[in-house]
Structure formats: C-alpha cells, structure tokens
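Down below is the structure, laid out as structure tokens.
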There are 2 protein chains.
Amino acid sequence: MRLINRETDYAVRALAHLGDKAGERLSVSDLVRAVGVSRPFLRKILQKLEQAGILESRKGRGGGFKLARPPERIMLGEVRTVFQGPLKTENCLFGVRLCYDYKTCRLRRKMRDIEGRLARELDAITIQSLQKDL
Amino acid sequence: MRLINRETDYAVRALAHLGDKAGERLSVSDLVRAVGVSRPFLRKILQKLEQAGILESRKGRGGGFKLARPPERIMLGEVRTVFQGPLKTENCLFGVRLCYDYKTCRLRRKMRDIEGRLARELDAITIQSLQKDL
DNA sequence: CTATATGATACTATATCAGTATCATTTTGT
DNA sequence: ACAAAATGATACTGATATAGTATCATATAG
Ligand code: FES
Ligand code: FES
C-alpha cells in the first residue's frame, strides 16, 4: 500500500516550488519544468488543487497559478485527501461491510484511533517544511 | 485509501474465530459459516495464511486449518502484510520515482517515521485482542 | 481581435482488488 | 485397495482505482 500516490506526489512538488517562489504566480510551463511530469497530467492536478481552494488561478495571457494561502497553512494531509480521498470510511474502517457485531466491535475503535493519529501526523507536515530554501 | 482491504478483513475474522476455538483445527466449511464469505474466496485466503506460516493445514478427511501460533503472537500488521504488502517501499516513500534531490529530501525521513509508527501500531493489535470470548 | 493561458470534461491504458473455477494431491474410513 | 473428503496449486475473469491523454470552451492581456 502506498500512503501517497503519484498525483499527490506531483501536487506536493508543484506546491513546494510555488512556495519557494514566495507567492508568485507561475505558469504550467514553469511548473512542468520544476516537477518533471507531462504537461496534460500536471494541468489536471493543478486544476484539482484550484477547485480544492489550495491554488488560485488566472486565465489568459500572463496567467497561471499561485498559492491561495501561505505555505505554512497548506498541509500534506489536505493535499493527499484531494487526490486520494479521506482516510476514514463512514461506518466500518475494516473492509466494506459491517462486522457480525458492529456494536461490540473492539477493532473498529482501535483502527479509528490509529487512522486519527495518522491523519494528524500527515497534517503536521506543511508545504513550507518541504521547501528548498528553508 | 483503505488501510485494510477485504482479504485482510476476512483473514482476521477467520483467525479470530480460530482463536476462539483455542487451537482447534477447523474445516473451511466451519470458517465459511463464521466469516460469511464465499467458499472459494476464503479458501484462497486460508491458503495464503498457510504459506505465510500463520496457519497450519492438514489435508484429507477430517483435515482443516489451525493457528500455527497462539493468537497473542499473531499481529494485525503481519496479516495485513501478507495480503497488502509492506508499508515501506525501498527507496522513496513518496511516489515511485526519486525526488529531484534524494539526499537532501526532508519529506522522505518524515514519511519513514510516520510509516514506522503506523506499522508499530498495527503490530500492537493481536488476534487475541480481537477474539469474542476475551 | 487574436494569441495565450486555464476550465471542464471525456476518453484510454494499466494495475490492483475481488472473486471464481479447475484439477492435483494427500489423508482417512471402509 | 479404493473412494470420499479435505486442502494445494494455479489460472482465469470482472470490477474498480490509478495514471495519463486529448479536445474543446472560456477568459485575459496586449
Ligand atoms: S464493525 Fe467493522 S471492524 Fe468491526
Ligand atoms: S526522495 Fe522521495 S520524497 Fe524525497
């Protein structure tokens, strides 16, 4: 199992690069160079980040993307959720269906605690902490 | 992302049921009843557990499966690894390829720590702790 | 008013997950 | 010996998630 997939990976690299540039707006071309991934794929990723409110975009000549917030307020956990969904499932963390006895299930509580801790740890990593020029 | 998939789920239920029976050998038919999953699928799961050294099997009439170890020495993390592979990847936890600068990568270390903690937490949950008759 | 940039969306390919089917081999009871 | 009852090994199929591409619409600067 991968905790972090390709889209999240590229997203974080792009965000860290934008963080390096201290709030500047960059074009997809700039980011393609920095991240090292195909242009159409990165475009899709950036659009998702924009929809999630992590990036702000501007269309037209001279357009591009900039961070919607300072890099110390963008968390790895949040970025991960955009591309891979939340860690928690609604009812039962353990498989799709319910256990034979949901009410008395001890594992459910334990797994919930573990996933909660994991989520907090992922949220403790900010984009700022991943910038080059720290 | 699911921390635990279906195979691991069913495997744990089967193991917990075997634990309830205190080292008894049970047939697939017994376990199908206890776990509530199709017979061929459970068979595949049990065979993997046998290959992993978590179950012992006996063929032929009156055969079946029993725990290869006491339930307090079978860990959720180990079972999970049988079906979903290890948490850690060799080089870089972050995506498939290396970062632009592997040596100076701060994220790699952080993710390694997080994954390490997660693995320890999963290993702290034993089959015994999930048995009905605790 | 056009070149340049992103927005929206649909499509394709590949990998992983979930589940089924089949035949071989071992063991036990008669 | 032999048939019934069990698991072993393995190949196959369908569904879902991941990874990536392609196309046309829309906004903006000059
Ligand atoms: S109710 Fe889902 S693991 Fe127990
Ligand atoms: S080297 Fe892989 S995340 Fe940095």
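Chain letters run A, B, ... following the sequence lines, proteins first and then strands; every chain starts at 1.
Following rounding to the nearest Å, A:Leu46 (CG) and D:dG20 (P) show an atom-to-atom distance of 15 Å. Protein atom OH of B:Tyr10 is 15 Å distant from nucleotide atom P of C:dC17, rounded to whole Å. The CG atom of B:Leu3 sits 16 Å away from the C1' atom of C:dC17 (whole-angstrom rounding). The distance from atom CG of A:Leu49 to atom P of C:dA8 is 13 Å, rounded to the nearest whole Å. Between the CD1 atom of A:Ile4 and the P atom of D:dT18 there is a distance of 12 Å, rounded to whole Å.
Checked by atom type, the side-chain pair A:Arg25/A:Ser57 shows no donor-acceptor distance below 3.5 Å.
With D:dT21, C:dT28, C:dT6 as the candidates, the nucleotide lying closest to the side chain of A:Gln47 is C:dT6. The side chain of B:Lys59 has C:dT26 as its nearest neighbour among C:dT6, C:dT26, D:dT21. Side-chain proximity of A:Phe41 to D:dT21, D:dT7, C:dT20: nearest is D:dT21. Picking from D:dA29, C:dT28, D:dT7 the nucleotide with the shortest atom distance to the side chain of A:Arg61 gives D:dA29.
As judged by a 4.0 angstrom heavy-atom cut-off over every strand, B:Ser27 is placed among residues touching the sugar-phosphate backbone only. Using a 4.0 Å heavy-atom distance criterion, A:Arg25 is classed as making no nucleic acid contact.
OP1 and OP2 of D:dA17 both lie 4.0 Å or more from every side-chain N or O belonging to A:Asn5. Dashed line: the shortest gap from a side-chain N or O of A:Arg39 to OP1 or OP2 of C:dT6 is under 4.0 Å. Regarding contacts with the backbone of D:dA29, a side-chain N or O of A:Arg58 is found under 4.0 angstrom from either OP1 or OP2. The phosphate of C:dT16 has neither OP1 nor OP2 within less than 4.0 Å of any side-chain N or O from B:Gln84. Distances shown here put every side-chain N or O of B:Ser29 at or beyond 4.0 Å from the OP1 or OP2 atom of D:dA6.
Between the side chain of A:Arg6 and the base of D:dG20, no donor-acceptor pair under 3.5 Å is found.
Nearer the 5' end of DNA chain C, as judged by each residue's closest nucleotide, is the contact made by A:Ser57, out of B:Lys44 and A:Ser57.
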Working for salt bridge (Lys or Arg N to Asp or Glu O under 4.0 Å), residues A:Asp30 and A:Arg33: CA-CA 5 Å; A:Asp30 294 331; A:Arg33 261 190 298 280; 2.9 Å; yes
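The two residues B:Val32 and B:Arg39 come nearest to each other via the heavy atoms CG2-CA, 3.7 Å. What you find for A:Val79 and A:Ala11 is that their closest heavy atoms are CG1-CB, 3.9 Å.
Taking a 6.0 Å sphere around CZ of B:Arg73, one finds it holds 12 or fewer heavy atoms contributed by other residues, nucleotides or ligands.
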